[in-house]
Engineer: 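Okay, here's the structure, questions in a sec.
To find a chain, count down the sequence lines: A is the first, B the second, and so on, and within it residues start at 1.
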2 protein chains.
Amino acid sequence: MTETSSNPARGGAQPGRIGIGLELDATHLKILEVLRENGRISVAALAERVGISRANAYTRFEALRADGAIRRFTAEIDHVRAGLGITALIFVTVRQQMWRQFRAELAAMPEVEYCAITTGQHDAMIQVRMADVAAVHAMVTERLAGIPAVKATETVFILDEVIRRPYVLPGDRAGGRAARRTAPEPTGPAGSGSAAGPGGEVPLGKMRFVGAAEGRGRLQRDG
Amino acid sequence: MTETSSNPARGGAQPGRIGIGLELDATHLKILEVLRENGRISVAALAERVGISRANAYTRFEALRADGAIRRFTAEIDHVRAGLGITALIFVTVRQQMWRQFRAELAAMPEVEYCAITTGQHDAMIQVRMADVAAVHAMVTERLAGIPAVKATETVFILDEVIRRPYVLPGDRAGGRAARRTAPEPTGPAGSGSAAGPGGEVPLGKMRFVGAAEGRGRLQRDG
DNA sequence: GTTGAAATTAGTACGAA
DNA sequence: TTCGTACTAATTTCAAC
């Protein structure tokens with residue numbers, strides 16, 4: 001690695017592209033698994049871990065980058081140590097046909113770590129990291145509220161981040177315990193009590209899949 | 001870098017720790033900014049970009065790792081290319097006093113990319129990546145439903161991920177356009193007056209901050 | 001797809017400002 | 001503290017197998 005290491009084939013990974021450029025085999029996935037845990041590992045060490053030759057590792061490594069399967073390498077930073085100890089989720093209802101504006105405005109907000117368009121009651125979910133609660137409040141009321149495309153917002157604070165994995169990969173199948181649903185969980189706690197019984201009936205009634213239309217209108221009518 | 005590069009001073013970064021181990025100055029933040037964009041950059045190139053000597057860069061680099069400000073380095077992977085094209089958010093209501101079990105079960109689910117404890121209507125938000133919609137359904141109904149600690153769930157699908165930044169850093173202040181809507185914020189947020197502006201009243205009425213108690217009970221009563 | 005050797009680069013240790 | 005330099009070790013590239 002010399003310098004910026006910008007992805008040379010980014011152009012090929014642009015949205016709208018359909019075809020898959022690269023067939024990912026088991027070796028590719030293994031490489032990704034290692035790289036996910038240690039993005040700074042040398043290709044030589046990577047080859048040893050995956051069990052392939054160095055030249056092969058270099059080839060595949062470069063192919064994964066060129067294909068776009070590996071977007072980039074980054075450092076996981078402790079935001080609390082970095083001075084941004086407050087994390088909040090802002091659910092946004094967007095005025096129809098103002099999506100383009102909404103996205104443009106959002107792109108100009110560096111405090112936004114994540115933004116996804118969702119089904120369900122709201123239209124988008126924004127995750128922000130701030131120095132304090134007041135900053136979140138200011139962000140919502142002064143900035144988001146000023147965007148015409150934003151019809152309404154709902155903010156919740158994140159109290160703790162239990163799990164944070166860089167990226168889930170296929171093959172991340174529950175190798176541990178749990179999961180085997182109706183079957184007897186080995187180490188899993190709670191004996192058959194509330195949920196799935198011996199017969200394996202899962203209480204679906206308490207589960208909700210929220211479609212795009214449901215629930216709308218509660219925050220819809222605003223000034 | 002030799003091999004796995006496990007953080008040597010991880011012990012000092014364990015949860016519960018209060019004091020700040022390292023005062024982050026402007027140079028540290030600059031290093032983090034570069035590393036966030038290119039986690040595989042060599043320390044030599046890093047030094048050049050930040051404008052410090054190589055020796056200094058090595059010292060600070062190691063200090064940031066030892067302190068825990070840099071948690072680890074990782075590869076950003078295109079999940080669609082990796083075969084996990086469906087992303088969903090699952091909002092979970094957790095039975096009180098069963099949090100420990102909930103967290104333990106969650107830890108055994110590798111498909112979970114992110115899980116945060118939140119205020120608001122629900123208690124936790126889980127983000128999962130799956131190969132297809134059916135897998136999400138199976139995950140919710142067969143796995144989550146089987147956890148006694150899970151009282152109810154609400155699932156929404158992510159249609160598009162507009163913004164995805166590795167980590168927000170202080171100094172990520174809106175330098176672009178936009179935002180300057182009603183109030184002329186200099187740099188930092190949290191101005192004295194929460195909203196307002198010259199003559200610009202911000203419609204606070206459509207904004208909602210959702211506390212921990214509000215809205216509870218809708219999904220609370222289940223079988 | 002693999003192995004081995006050459007050239008380049010990275011990481012370390014030291015003294016000086 | 002930070003910088004500059006020299007030394008050692010490792011990585012990457014390129015070749016032939």
Engineer: Quick one: does NZ or CZ of A:Arg164 land under 6.0 Å from the six-membered ring centre of B:Tyr114, within 45 degrees of the ring axis?
Structural biologist: no

Engineer: Could you tell me how far apart A:Ile41 (CD1) and D:dA10 (P) are, to the nearest whole angstrom?
Structural biologist: 15 Å

Engineer: Could you pull out all residues at least two apart from A:Thr74 that satisfy side-chain hydrogen bond (donor to acceptor under 3.5 Å, both in side chains)?
Structural biologist: none

Engineer: Check the interface with nucleotides 2-6 of chain C: list each N/O to N/O pair with the protein under 3.5 Å, or write none.
Structural biologist:
| from | atom 1 | to | atom 2 | distance (Å) |
| --- | --- | --- | --- | --- |
| C:dT2 | OP2 | A:Ser53 | OG | 3.0 |
| C:dT2 | OP2 | A:Asn56 | ND2 | 2.9 |

Engineer: Can you tell me how far P of C:dT9 sits from OH of A:Tyr58, to the nearest Å?
Structural biologist: 13 Å

Engineer: I need the CD-P distance between B:Glu48 and D:dG4, as an integer number of Å.
Structural biologist: 12 Å

Engineer: Within a strict 4.5 Å, meaning less than it, do heavy atoms of the B:Leu35 and B:Ile31 side chains meet?
Structural biologist: yes

Engineer: For the rings on B:Phe91 and A:Phe91, is their centre-to-centre separation under 6.0 Å?
Structural biologist: yes

Engineer: What residues form a salt bridge (Lys or Arg N to Asp or Glu O under 4.0 Å) with A:Arg103, not counting sequence neighbours?
Structural biologist: B:Asp160

Engineer: Round to the nearest Å and state the distance from B:Arg60 atom CZ to D:dC3 atom C1'.
Structural biologist: 13 Å

Engineer: Using whole Å, report how far CZ of B:Phe61 lies from P of D:dT2.
Structural biologist: 17 Å

Engineer: Only counting residues at least two apart or in another chain, list the ones meeting side-chain hydrogen bond (donor to acceptor under 3.5 Å, both in side chains) with A:Arg36.
Structural biologist: A:Asp172

Engineer: Taking salt bridge (Lys or Arg N to Asp or Glu O under 4.0 Å) as the test, write out the residues that go with A:Glu33, two or more places apart.
Structural biologist: none

Engineer: Tell me: CZ of A:Arg40 to C1' of C:dG11, nearest whole Å?
Structural biologist: 11 Å

Engineer: Hey, what bend do you get for the helix from C:dG1-D:dC17 to C:dA17-D:dT1 if you fit axes on five pairs at each end, rounded to 10°?
Structural biologist: 30°

Engineer: What integer distance in Å separates B:Leu46:CG from C:dA10:P?
Structural biologist: 12 Å

